[in-house]
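Heads up, the thing below is written out as structure tokens.
Computed from a predicted model, the values in this text were never measured in an experiment. A note on names: the letters A, B, ... follow the listed sequences, proteins ahead of strands, and every chain is numbered from 1.
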Protein chains: 2
Amino acid sequence: MSKVDASEKSLTGRKRQRVTIADVARQAGVASMTASRALNRPEMVSAELRVRVLHAADALNYIPDRAAGGLASGTGLVLPVLVPTLHHSVYVQILEGLQERLPDAGYQLMLGSTEYSPAREEQLVEAFLGWRPSAVVLSGLDHTERTSRLLRASGVPVVEIMDLAVEGETGQALDLNIGFSHTRVGEAAATYLARCGYRQIAYAGTLTTLDPRSVRRIQGFQTGLAQLKLPPHLIGRSDQPSSLAVGRELLLSLRRDFPEVDAVFFANDELAAGALFECQRLGIRVPDDLAIMGFSDEEIASHLNPALTTVRIARHEMGRRAAELLLARLGGTLNNPPPIDMGFEIVQRRTTAEPQEMS
Amino acid sequence: MSKVDASEKSLTGRKRQRVTIADVARQAGVASMTASRALNRPEMVSAELRVRVLHAADALNYIPDRAAGGLASGTGLVLPVLVPTLHHSVYVQILEGLQERLPDAGYQLMLGSTEYSPAREEQLVEAFLGWRPSAVVLSGLDHTERTSRLLRASGVPVVEIMDLAVEGETGQALDLNIGFSHTRVGEAAATYLARCGYRQIAYAGTLTTLDPRSVRRIQGFQTGLAQLKLPPHLIGRSDQPSSLAVGRELLLSLRRDFPEVDAVFFANDELAAGALFECQRLGIRVPDDLAIMGFSDEEIASHLNPALTTVRIARHEMGRRAAELLLARLGGTLNNPPPIDMGFEIVQRRTTAEPQEMS
DNA sequence: TCTGCTTTTGATAACGCTAACATCCAAATG
DNA sequence: CATTTGGATGTTAGCGTTATCAAAAGCAGA
């Protein structure tokens, strides 16, 4: 009763005394350093004191101030993760993969979505660096000059996911890197569709984003077509983010502008699904009249009628391994590992014809 | 070759040196307090100094330490948001609504997903409170006793979303509340399906979660059926989270266990979509053989063939208004507003028959 | 020129915590 | 029995920032 808390008014009371570790220590009859140890390094403290301190902390509803702790110890256990969007389940699943191990290791994930804008990424990186992050997770390899500079200057470990640093194709990774080559995905898709017998093959996506990863997928796709001496077709809408509705629109403009096209590779499964719905509505037979291929193998792909041929990437796994990489780096047991290629896999379903062996 | 630290003769340790505001001040030839002001309250400082300080800060890649700032000022501009999952686009869109205004006001959103577990929610609340949050956003009104206690003790403003505190139906809101009544949604769905002429109406969901909001939706649904003297049917799977695949399984067990059922209200659109895909596969005609109704009106609902009848809730709007509520509370211009009912709306599409006027 | 203001700038002391070192005390050693 | 030893506890000194108030500088009007 030494301390009289006059303002017991709960939620509206402006002035409220925070419970500090000193309060806990006083209550337990020890020095605050001892209380700190009892809470953070229990093994360094006698069993009896440990109990007393824990008890006092609980009784007082003590919650350690992480700002103060971080400031004093120099270690902020914050881990920002920047993704382009949460709209695609790809990124949600990557997050889940990351969540699997990081929070248990004491790290607090902070989420930011860049909406595919490098400028917004820069803002977010700047904001997050203020939290003394232990590391930063970024999506993709392409950042503004300032983003890279800030990150480099901060000396914070970085993992770039969802893209793969390849000599001559992409920029260099800032630090750690795990992902897959979008160029190769594009090439593989072109080759695959050609093997299925298609000759007028199109790429369809929302060019809006100018997302460098899509761009590289397109380039790979065009390279693939060129090697097979097939003509490239490209359609896109530039004014909206990806959605089922845009998928439908893309299908319509495709039929209008390139009626000769017999197969389409969409930038993602959502667009592909939208297109497929539109085909159902219009009575276009898939794959007989038109073949459709998606990208990323979201859950819906296997449930559509007919089921969608697409490209599977190991998102959850990628998140998990990114987390492991980080923990290893933070633990000091990692120097300069090369980029890790998670690869990808074409999942053959019913929206494309059976592929033939190439002679 | 890295830059050698030749500055202070600190004997041991201090190796990685952060750029502090003192460095910036020195470079600009002012006191650190002035530098702080130039950065945070530019209007309190002469134009000339402002420029000099900003310039120095930029040249040094200065990033203010938010932990130190928060500690000194007592104001952590952190805003934790706890959602049950990111798997449902509902929560993603709520997040977008929140993002719309909060970051610009300087608040840093911290995301946590509880996976529908109150225990995990408690953990997260405890972890987040350590960051001196300005406020906390929670999903739903049901929390562990300790969660409520910690929040109340902390004096932090709280907004509970996605549920509505109603006398006699739910618990009281901790502080601010904006959402809709799940009980009423259940009732409305039952009444609606009855008006469409169905008499053997089932509810299907993943009981796994024991999510109190679903439970209340079920209760409302049963109340609605009881008032109409219709028999209740209930099916659920208890071992997995919701997914398209589970939707298909639910449909199968429904046909097996309750073949007489002529209409189903699903716990969400994802399950309903899965069921619809399974109907397509099995040749079950919707709505002639079986009517299907979803919940939450995700994008896919309007694109399915036939388009899905469902219940629309204003997620984005809810996020936006939650943010406004918070800002008002934080600005001090808000005392004890009553829970805000965002309502809901049944969206009639093609998976149910045309409703008739009730006599 | 000087007095009484209003800016603008600076020095100092927290904020809550923990690293690093200092001290203490019981058990173990000679 | 004195003395070493090592684990348990306490003391001190920051961590990087901002609140607060004191000091200085500008700027009228007398």
Rounded interatomic separation in angstrom, taking CD from B/Glu48 and C1' from D/dA25: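 Nearest whole value for this atom pair: 14 Å.
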Nearest-Å distance for atom pair CE/P, residues B/Met44 and D/dG26: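 Whole-Å distance recorded here is 18 Å.
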A/Ser113 side chain to A/Glu115 side chain, donor-acceptor N/O pair below 3.5 angstrom: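 Yes.
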Side-chain (A/Arg50) to main-chain (A/Ala38) donor-acceptor, under 3.5 angstrom: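 Checked: no pair found.
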Min side-chain heavy-atom separation A/Leu151-A/Leu138 under 4.5 Å: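 A/Leu151 reaches A/Leu138 side chain to side chain.
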Note, A/Asp65 side chain near A/Arg18 side chain (heavy atom, < 4.5 Å):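 Yes, their side chains come closer than 4.5 Å.
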Nucleotide-resolved protein contact map, nucleotides 10-18 of chain C, B/S/- at heavy-atom distance under 4.0 Å: BB---BBBS
Partners passing salt bridge (charged side-chain N to carboxylate O under 4.0 Å, His left out) against B/Asp163 (at least two apart in sequence or in another chain):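 Salt bridge (charged side-chain N to carboxylate O under 4.0 Å, His left out) check on B/Asp163 returns B/Arg216.
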